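Structure first, then comments.
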Amino acid sequence: MSALDESRLHSDPGIDAHRQPGGVQSGGGAGAPAAGATPLQRERATTIFQKGASGRRAFTCPALDVPAVDSGKLLPERFRRTEPPRLPEVSEPEIVRHYVGLSKRNFDLDSGFYPLGSCTMKHNPRLHERAAALSGHARLHPLQDAERAQGALELMWNLQAALAEIAGLPHVSLQPSAGSHGELAGVLLTRAYHEDRGQTRHKVLTPDTSHGTNPATVTMAGLEVVKLATNESGGIDIEDLKAKADEDVACLMLTNPNTLGIFDENILQIAEIVHGVGATLYYDGANLNAVMGISRPGDMGFDIVHFNLHKSFTQPHGGGGPGSGPIAVSERIAPFLPVPVVERSDDGPGGAPTFDLDHGRGRVGSKSIGRVRGFHGNYGCFVRAYAYIRSLGGDGLLDASQNAVLNANYLLARLKRKGVAEQLPLAYGELCMHEFVLSGGPMKRALKIKTLDLAKRLLDHGFHPPTVYFPLLVDEALMVEPTETETRETLDAFAEAVAEILREAAADPEIAANAPYTTPVRRLDEVTAAKRPVIRQAM
Amino acid sequence: MLAEIGVGSLQEIFDRQIPEAVRLDRPLALPDGLPEQDVYEHLRSLAARNTSAEDEISFLGAGMYDHYVPALIDMLTERSEFLTPYTPYQPEISQGGLQVMFEYQTAISELTGLPASNASAYEGPSAVAAAGYLAKLHNGLRRLVISAGLHPHSIQTLRTTAHGYGMDVIEVPLRDGVTDPDAWAQAIDADTSAAIFAQPNFYGAVEDAAALSAAAKAATSAAPAGNGSERGGAGGAPVVVAQVDPIVLGVLAPPGECGVDVAVGEGQALGNRLDFGGPSFGLFAARDEYLRRMPGRIAGETVDVDGRRGFVLTLQTREQHIRREKATSNICTAQALNALAGVVYLTWLGRRGIVELGELLLARTNYARETLARLDGVEKLHDQPVIREFALRLDADVGSVRRRCAAQGVNPGVDLQALTGRAEDRGGLLVAITERRSREHIDRLADVLGAAVAAERRAAVPA
């Protein structure tokens, strides 16, 4: 018996003893379909480890073509595994059927609307997959010599230049693997900048509307989070900022527009206050989709910007990654950028450009913070983002942002109609940028259903719900970002669905309270999952 | 639409929200947009200027390897339902993705012999750094003792991030190609938060993982608790961390059976493309007691209101979206699609396949090392057991030798000193073997490398 079996993380009698599906119809009222009605609901979740049989296989190992040597001579017994790992024994058809079957238990962006605030779920063009699959990109080893990776290095250089132009900041590193990884790099850069000037600063300011990654990053970077209040317009409370901005502040981390979908009109004043105490200004690029070609963080006064290539730049989300979080910085921060950087010289034949990776920044005496990961970053994501930027061009990116803002304001207007506005009022402001936040507080009091229930009932209507319960500042928050790639018809249908759910709740709140009904599984017990974690299949 | 919004123009929406002073008053200075076919041609022309593993016989390794990715993985990772959804915050419509995570966690747990796996980290070196952070959260101590056998990128990444979360990194040298056991035991003291080594190490050598783990635990239990620090964990021992290569864990003893507390590693070899270095995924697995300090997403099993088996993201109070500044890490987007490729690959290899593959790599790697070491001007860098990669020392300039080989369509491996920057790695070449490198390829490498070294040695002799 494996030592793994002694762990408690794989079995729980409370879970194993659950009833057969389809037995009990729970909750609902008139109009709610019987539980267990759909084929997907009747299907029992069975993992790949519970399938197959001894001796089945998919992989055929290439034949041993070198002289056989007693492998005991090659590797001492005590270094060897005694029992094979308990991986499945299944054939290829079984694997395909299993995973294709699993895919059908997923909702996805290609299938429907996904208005998750600050996630920018815009269409993922399939050209990008074709381009990324070209063997010159896909089978290129990261340590290939620069002279035989000129296409890749040029692509990275071009992408760097494009991101610099979009951000309004000249120096770019493509290395970080995700937005929050870019945030970590950014805060480490800020620390390095201050240390280089002989200063030790301990605090980072961040508004209470900030994405959770911002404060988490600050702690990982060894600094202390200080929260800033939000004013009644949804922007930074300037008086609170003035009170808290001192010479122990290393940085202010912001996103603009913020998670309320509000563009902070005081941004230049904010930059002045922050720079006035010698601190840096960090831009979380999660909401860049609102402002491409319209306003640039560099022009707003930001020193460091991270991009989420898996948001504005169409890298598919993949169910939770991969992403990519390049950063762009101002002149004064540039010396500290991670190593290596892509360099260009015009010393090829006839003055043609050649590209290389400059590792010199990592040498003794250099001010670079070093590396935040192996190799160069998520190149596969660079290919896709670059293809997007070349497809749209400058005008196309401007168009994208303008339509993102138009769509958000239109959807907001539809949700301001009678019947909805009273229950789900806009939390701040009148217009919005690319996203907006509604409060479900009135709905909860009047109709006895929560934002959570509205979200779950939306699943029955074939929509992915908006982001819920974020930002924390808003009671029963619902954060909606439609993006520019949705049609007016889709926005209308979504607004209709919300209105219908509210009407239904007015008649019978139990329906939404027990939703969803039509999804492959219904509401799940998350409390038990956390109290008695079962995180691997019992064998 | 504008009428519904109640504005006269699209411009008005911006005028009312964005101050004039921060508006960009010119078009973005970017090339004009192109039709799809032109974008494709451009990307193809860029690809054509790269020499990939398709274009040469490549023995490049050092963390990423040219393994064969079966076609069914391409098919699955391109499916809309796996490619395009978001992180599964609404579990009712994300059972596919959540179950994949659960299966992936199970597979990694089986491979490493450690019960608690997360649903992926970004890649290898940052997973090593994350393990350092876990150790800090666990015991609050300051020192990270690391073997010089860790991948140079892991060492650099750890140094960069440890500087952030406030820990010192002490490097223990190698002796005869493996971590110097005396220096290792000596470096670990009562203030050591974690002890970190690689298996196999960066120079391809199989380490005595059990001995290194035992020495780490013994080193501190014997030490006086003079500094008065509070320790978590049994006996005040450091957290033992191993950076592992998952593809050889069908043959090598798994870290969980060698006294290792946390196993991390680069997952690219498991069903993921080279992609010039990313995206791939990092594996992160640990003993039960570290579960609540683990970074990243974890999928857990549960039931729904009707009693159906289902899966959810669990232990979310560790994570940034709940715990914010007190989170165990800041990971949000990770590498879910790459982890899908990883678990499908492990399923495709299967229980027998991963053993057979490991034995094949072991046999071919040793054949390659013996064959090349017989060449004039080529010797083994060390004599330790190797399983998929090995280091040689050339009596010639490595850069020039590699260029000669490249002209013959063979990439003989990585210039060691260029990667590590260590004086003692001068003349070093790191040669990686995968199941795609046949005996024929290896024999060709021997011919080409032998000729290249000989030519360089002749050229170096003064006239």
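None of the values given here were measured: they were computed from a predicted structure. Heavy-atom basis, side chains included; hydrogens, waters and symmetry copies ignored. A note on names: the letters A, B, ... follow the listed sequences, proteins ahead of strands, and every chain is numbered from 1.
- For B/Leu83, the parts lying under 4.5 angstrom from a heavy atom of chain A are both the backbone and the side chain.
- Both the backbone and the side chain of A/Ile294 come within less than 4.5 Å of a heavy atom of chain B.
- Interface remark: of the candidates B/Arg44, B/Glu440, B/Glu359, B/Glu359 forms the most heavy-atom pairs closer than 4.5 Å to chain A.
- A donor-acceptor contact closer than 3.5 angstrom is absent between the side chains of B/Glu4 and A/Asn409.
- At distances below 3.5 Å, at least one donor-acceptor pair connects side-chain atoms of A/Asp65 with backbone N or O atoms of B/Arg439.
- Between atom CD1 of residue A/Ile369 and atom CD of residue B/Gln156 there is a gap of 12.0 Å, rounded to the nearest 0.5 Å.
- When each of B/Tyr367, B/Phe311, B/Tyr165, B/Phe102 is scored by its heavy-atom pairs under 4.5 Å with chain A, the top score falls to B/Phe102.
- Between A/Tyr379 and B/Phe276, the ring planes are perpendicular. Angles over 60° get that label, and only those under 30° would be called parallel.
- For the residue pair B/Pro27 and A/Asp395, the shortest heavy atom distance occurs at CB-OD1, 4.5 Å.
- Residue contact with chain B, scored on non-hydrogen atoms closer than 4.5 Å, involves the backbone and the side chain of A/Ala133 alike.
- A salt bridge links A/Arg522 and B/Asp306; the closest N-O separation between the charged side-chain nitrogens and carboxylate oxygens is under 4.0 Å.
- Between A/Lys104 and B/Glu81, no side-chain nitrogen of the basic residue sits less than 4.0 Å from a carboxylate oxygen of the acidic one, so the salt-bridge criterion is not met.
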Go through B/Glu103 and A/Tyr99 one step at a time and tell me if the side-chain hydrogen bond (donor to acceptor under 3.5 Å, both in side chains) criterion holds.
-> CA-CA 11 Å; B/Glu103 294 181 2; A/Tyr99 286 102; 2.7 Å; yes
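- Formation of a donor-acceptor pair under 3.5 Å by the A/Asn106 side chain with backbone atoms of B/Gly97 is found in this model.
- Of the possible polar contacts, none joining the A/His141 side chain to the B/Leu274 backbone as a donor-acceptor pair under 3.5 Å is found.
- Atom-to-atom distance recorded for A/Ile535:CD1 and B/Asp288:CG is 8.0 Å, nearest 0.5 angstrom.
- In this structure, the side chain of B/Thr87 does not engage the main chain of A/Gly319 through any donor-acceptor pair within 3.5 Å.
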CA sep, side-chain torsions, deciding dist, call: B/Asp275, A/Arg139, salt bridge (Lys or Arg N to Asp or Glu O under 4.0 Å) = CA-CA 6 Å; B/Asp275 271 336; A/Arg139 286 191 69 194; over 6 Å; no
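- Residue contact with chain A, scored on non-hydrogen atoms closer than 4.5 Å, is absent for B/Ala48.
- Looking at B/Thr302, its side chain never comes within 3.5 Å of a backbone N or O of A/Leu524 through a donor-acceptor pair.
- A/Arg80 places none of its side-chain heavy atoms less than 4.5 Å from the side chain of B/Leu252.
- Contact of B/Thr347 with chain A is made through backbone and side chain together, with heavy-atom distances under 4.5 Å.
- Across A/Gly293, A/Ala131, A/Ala178, A/Gly396, the residue that shares the most heavy-atom pairs under 4.5 angstrom with chain B is A/Gly293.
- When ring centroids are compared, B/His153 and A/Phe375 come within the 6.0 Å threshold.
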Any chance you could lay out the side chain to side chain contact (heavy atoms under 4.5 Å, CB included) test for B/Asn50 and A/His137, step after step, and finish with the verdict?
-> CA-CA 7 Å; B/Asn50 297 329; A/His137 298 303; 3.9 Å; yes
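- Within the 4.5 angstrom heavy-atom criterion, atoms from both the backbone and the side chain of B/Tyr40 approach chain A.
- Interface remark: of the candidates A/Asn124, A/Asp145, A/Leu64, A/Asp145 forms the most heavy-atom pairs closer than 4.5 Å to chain B.
- Contacts between B/Ala253 and chain A at a heavy-atom distance below 4.5 Å involve backbone atoms as well as side-chain atoms.
- Looking only at atom types and distance, the side chain of A/Ser180 has a donor-acceptor partner in the side chain of B/Tyr122 under 3.5 Å away.
- Interface remark: B/His42 contributes side-chain atoms only to the contact with chain A (heavy atom separation under 4.5 Å).
- Counting heavy-atom pairs closer than 4.5 Å to chain B, the top-ranked of the candidates A/Leu431, A/Leu140, A/Thr219 is A/Leu140.
- No part of B/Glu266 comes within reach of chain A, as not one of its non-hydrogen atoms sits under 4.5 angstrom from that chain.
- The contact between B/Leu10 and chain A is made entirely by side chain atoms (from C-beta outward), counting heavy-atom distances below 4.5 Å.
- Atoms CE and CZ, on B/Met1 and A/Arg414 in that order, are 10.5 Å from each other to the nearest 0.5 Å.
- Contacts of A/Ser111 with chain B are absent, with no heavy-atom separation under 4.5 Å from either backbone or side chain.
- Within the 4.5 angstrom heavy-atom criterion, atoms from both the backbone and the side chain of B/Val206 approach chain A.
- No side-chain heavy atom of A/Met433 sits under 4.5 Å from any side-chain heavy atom of B/Ile13.
- Looking only at distances, a side-chain donor or acceptor of A/Arg81 sits under 3.5 Å from a matching main-chain atom of B/Leu249.
- Using a 4.5 Å cut-off between heavy atoms, B/Leu340 touches chain A through its side chain atoms alone.
- With hydrogens and angles disregarded, a donor-acceptor distance shorter than 3.5 Å links the side chain of A/Gln144 to the backbone of B/Thr51.
- One finds no salt bridge joining B/Arg79 and A/Asp108 here, because no Lys/Arg side-chain nitrogen approaches an Asp/Glu carboxylate oxygen to under 4.0 Å.
- For B/Phe82, the parts lying near chain A are the backbone and the side chain together; criterion is any non-hydrogen pair under 4.5 Å.
- By the 4.0 Å N-to-carboxylate-O rule, B/Glu356 lies close enough to A/Arg57 to be salt-bridged with it.
- Contact of B/Arg297 with chain A is not made at all, since no heavy-atom distance falls under 4.5 Å.
- Across A/Arg105, A/Lys456, A/Arg523, a single residue satisfies side-chain hydrogen bond (donor to acceptor under 3.5 Å, both in side chains) together with B/Glu92, and that is A/Lys456.
- A/Arg371 and B/Thr157 are not linked by any side-chain donor-acceptor pair at a separation below 3.5 angstrom, with hydrogens and angles left out of the test.
- The part of B/Thr314 that comes within reach of chain A is its side chain, from C-beta onward, which places non-hydrogen atoms under 4.5 angstrom from that chain.
- By the 4.5 Å heavy-atom criterion applied to side chains, B/Ile5 and A/Leu406 are counted as neighbours.
- Heavy atoms of B/Ser154 lying under 4.5 Å from chain A are absent altogether.
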Apply the test side-chain hydrogen bond (donor to acceptor under 3.5 Å, both in side chains) to residues B/Ser109 and A/Arg536: give CA-CA distance (whole Å), side-chain angles for both, the deciding distance (0.1 Å), then the verdict.
-> CA-CA 8 Å; B/Ser109 170; A/Arg536 36 164 284 133; 2.7 Å; yes
